[in-house]
Amino acid sequence: MLDLLWLIPAIPFVSALVLAVFPVPRKLVAWIAVGATAASALVSLLVAIAFLSAPPAPNSYTQALWTWFDVGGLHPEIAFYFDPLSLIMTVVVAFVSFLIHVYSTEFMIDDEAYSRFFAYMNLFVASMLTLLLADNLLLLYLGWEGVGLCSYLLIGFWYRDPANGRAGRKAFIVTRVGDTAMALGLFLLFHHLGTLRIQDLMHRAPLHWQVGSSAAVAAALLLLGGAVGKSAQLPLQTWLPDAMAGPTPVSALIHAATMVTAGVYLIARMHVLYALAPVAQSAVAVVGAATLLIAGFSALTQWDLKRVLAYSTMSQIGYMFLALGVGAWPAAIFHFMTHAFFKALLFLGAGIVINAMDDEHNIFHMGGLRTRLPFAFWTFVIAGCSLAGLPLVTAGAFSKDWIIWGAWSAGNGSPAFWTVALIGVLLTALYTFRVIFVVFFGEAHTEVTKRPGLAMQAPCFTLAVLSIVAGYVKTPFGRFLETVLPWSEGTHAGAISELLSEVIAGLVVAGGVYMAYIFFLRKRSYTAALASSAAGDALHRFWFSDWGMDWLYDRLLVQPLIWFARVDKGDFIDGFYTSVARLNEFAWSVLRRTENGRLRWYAAGIAGGSVVFIAVVLFL
């Protein structure tokens, strides 16, 4: 059964090719696209069962299909690697992607580009699965760039609106900055270690580099640059809020199953390298801590329902980076899993609301949907509680509490990181229940025009169940994953118990929910009073603008580049090519005069040309 590993990415790729190349009847599009993701999810599950049923040693499986190329000592293979880490990531990505595809069949039913949408979605899934299963960093980079391409295509899917096209280009360009850093990291690794095969790298790195080696630090920081861009972490996070321009199922796929989790996987997969570069690993933790705070404050000010969730994703990925940075590796991957379930549910629930409100995104134009859209209300509340970390009953509480504990007790943990994680808990509860109270309670402002069908309800129900029960596998999950990602033991474990940390986190969640209840349901006048003050208004605008990051980049990078392009447009190189163009225009103007419509001139031209041709043949 393990021999079927290659089918996991191959099936959705073939489906994408079929939908993109052939004129498939509209009725068959959904069957092909959804069937491909279903088959991929089923094969991933069968392979996982076969892997778990196999003898415990060795704890991995490699399937080499063929040698990609062999140049200058670099001979990467088209090969797939399966171990506990890739098992978890692959099964979750394949299964959640399947549910999102089922949802999309109804959500996108009226779109004229139905086949093109599913071709892009299938290619997105195939690229992510290739990334997760790649045996070497070059094949991983192929999947990495594949998800970048698909994000561009899907964010700008409705390209007739110029704003959507700009959002797609922004995502593509910003993430290319990180991808460039990652490519340099691959060059550095190959130069020093002579291979890009991941397991060989993890074996050779400790043999060639000491802890703190400048080469190890440089390679780890360059890979971090790629992870920061793809996972929308500070300072390359600006593309993700604008990515909400795409269809809602695209947002769910990007945030829950593909794209933004790629950076988390990359760092986890290369954990041996980061163990050799403590400075780079600490940078991972700092980036995650800063991002979870910045995104949390920004989420408090957004009025677009999907943008609130976008900032939420940035914040939750920040938690994963924080866990990776302190050495709580299993906690980061466990939060990836629970986050995939409740974040997909939040976006799909938001899609139901937006669809019912005739494409209304403003949460302050909604209200009173608790009774008019009860299914959306209960699924959104379940997902929101899991996101906020409601203790004991939600999956998100188990995984987030594990990260908070790791922020204190793991090898690079500290009271400062633990405090930042708790502040993030407060912000998460506050902005999550702000949305719930504003959208589903209070007075109704917009009529409900559409209600979800079975294709939209069934995936949401499945994800709602997983958003509750998935947390209870924490202990076996941790033991299973620690075979490849061991917990980094620290010196703070005795200072505070894990149970006490969880109790404190639960109290912070309760405090955040209560504050949201006061400010956004019971006493909304308090919020209006704060917003009307000069300081409150300035702070609101600052957080709303993503802390001025777009403004800063526009002033530091975009405008200077535009200015330089304008100055440089008249240089001698442009003059040379302009001269070539002018010469062609002159030749065209001369030749077009011969097209006068007079037959005798055409005959004379043919005769004269024939004489010249015969003379050349005879006398030269």
Side-chain angles (χ1 to χ4, degrees), residues 1-19 24 28-54 60-63 65 78-106 118-135 143 146-147 150 249 252-253 256-258 261 265 333 336-338 340-341 344-345 348 454-467 469-470 473 476-477 480:
M1 192 62 70
L2 290 174
D3 292 340
L4 300 178
L5 184 62
W6 66 278
L7 287 174
I8 298 175
I11 293 173
F13 179 78
V14 171
S15 174
L17 187 64
V18 170
L19 293 175
V24 179
L28 293 179
V29 168
W31 285 102
I32 294 174
V34 176
T37 53
S40 181
L42 178 61
V43 173
S44 68
L45 186 60
L46 293 175
V47 170
I49 294 172
F51 180 82
L52 295 173
S53 304
S60 64
Y61 172 75
T62 301
Q63 183 181 48
L65 301 180
I78 302 297
F80 301 114
Y81 181 78
F82 204 67
D83 69 347
L85 176 58
S86 53
L87 183 153
I88 292 165
M89 299 286 289
T90 300
V91 170
V92 171
V93 167
F95 182 68
V96 172
S97 298
F98 161 65
L99 294 178
I100 294 172
H101 273 70
V102 173
Y103 178 97
S104 301
T105 59
E106 181 179 337
F118 279 107
Y120 293 166
M121 291 281 279
N122 274 190
L123 183 60
F124 209 163
V125 175
S127 298
M128 186 65 187
L129 292 172
T130 300
L131 186 160
L132 296 175
L133 292 171
D135 173 70
V147 296
C150 293
L253 196 62
T258 61
T261 58
Y265 172 76
I333 302 304
F336 151 77
M337 184 185 75
T338 61
F341 299 145
L345 180 56
L348 299 188
L454 182 61
M456 293 174 71
Q457 289 182 349
C460 290
F461 178 80
T462 304
L463 290 168
V465 173
L466 291 172
S467 296
V469 305
V473 301
F477 181 98
F480 174 63

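In this text, all values refer to a predicted model and were calculated from it rather than measured experimentally.
Considering every non-hydrogen atom in both Asn122 and Ala16, the closest pair reads CB-CB, 3.8 Å. The shortest heavy-atom contact between Tyr120 and Cys150 is O-SG, 4.0 Å. Annotation for Thr105 and Ala455: closest pair OG1-CB, 3.8 Å, computed over non-hydrogen atoms. Minimum interatomic distance between Leu454 and Pro459 (heavy atoms only, all atoms of both residues): O-CD, 4.2 Å. The two residues Trp6 and Leu65 have their closest heavy-atom pair at CB-CD1, 3.9 Å.
Partners of Val43 according to the side-chain contact (heavy atoms from CB on, under 4.5 Å) rule, which considers only residues two or more places apart in sequence or in another chain, are Leu4, Leu7, Ile8, Ile11, Val47. Phe95 is linked by a ring-ring contact (aromatic ring centres under 6.0 Å, His included) to nothing, counting only residues two or more places apart in sequence or in another chain. Phe13 pairs by the side-chain contact (heavy atoms from CB on, under 4.5 Å) definition with Leu123, Ala126, not counting sequence neighbours.
The distance from atom OG1 of Thr90 to atom CG of Leu132, rounded to the nearest 0.5 Å, is 5.0 Å. Atom CG of Leu87 and atom CG of Leu45 lie 9.0 Å apart (nearest 0.5 Å). The CG atom of Leu85 lies 12.0 Å from the OG atom of Ser60; values are rounded to the nearest 0.5 Å. Atom-to-atom distance recorded for Leu345:CG and Leu99:CG is 10.5 Å, nearest 0.5 angstrom. The distance from the CG atom of Leu463 to the CD1 atom of Ile100 is 7.5 Å, given to the nearest 0.5 Å. Here Ser40 contributes atom OG and His101 contributes atom NE2; the two are 10.0 Å apart, rounded to the nearest 0.5 Å.
Using a 4.5 Å cut-off on side-chain heavy atoms (C-beta onward), Met128 and Leu253 make no contact. When side chains are defined from C-beta on, Phe461 counts as touching Val465, because their heavy atoms get closer than 4.5 Å. Phe98 places a side-chain heavy atom less than 4.5 Å from the side chain of Val34. With contacts defined as side-chain heavy-atom distances shorter than 4.5 Å, the pair Ile333/Phe477 qualifies. The shortest distance between side-chain heavy atoms of Phe80 and Thr62 does not fall below 4.5 Å.
Of the possible donor and acceptor atoms, none in the side chain of Tyr265 sits under 3.5 Å from a partner among the backbone N and O of Met89. In this structure, the side chain of Ser44 engages the main chain of Ala41 through a donor-acceptor pair within 3.5 Å. In terms of modelled atom types and a separation under 3.5 Å, the side chain of Gln63 and the main chain of Asp3 share a donor-acceptor contact. Judged by distance alone, the side chain of Ser97 and the main-chain N or O of Ala94 form no donor-acceptor pair under 3.5 Å. Although no hydrogens or angles enter the test, the distance criterion places a donor-acceptor pair under 3.5 Å between the side chain of Thr462 and the main chain of Ala458.
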Task: From CA spacing to verdict: side chain to side chain contact (heavy atoms under 4.5 Å, CB included), Met121, Thr37 - done: CA-CA 10 Å; Met121 291 281 279; Thr37 53; over 6 Å; no
Open item on the list: Pair Tyr81, Leu133 - check side chain to side chain contact (heavy atoms under 4.5 Å, CB included), show working.
Closed with: CA-CA 5 Å; Tyr81 181 78; Leu133 292 171; over 6 Å; no
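Aromatic pair Tyr61/Phe51: ring centres not closer than 6.0 Å.
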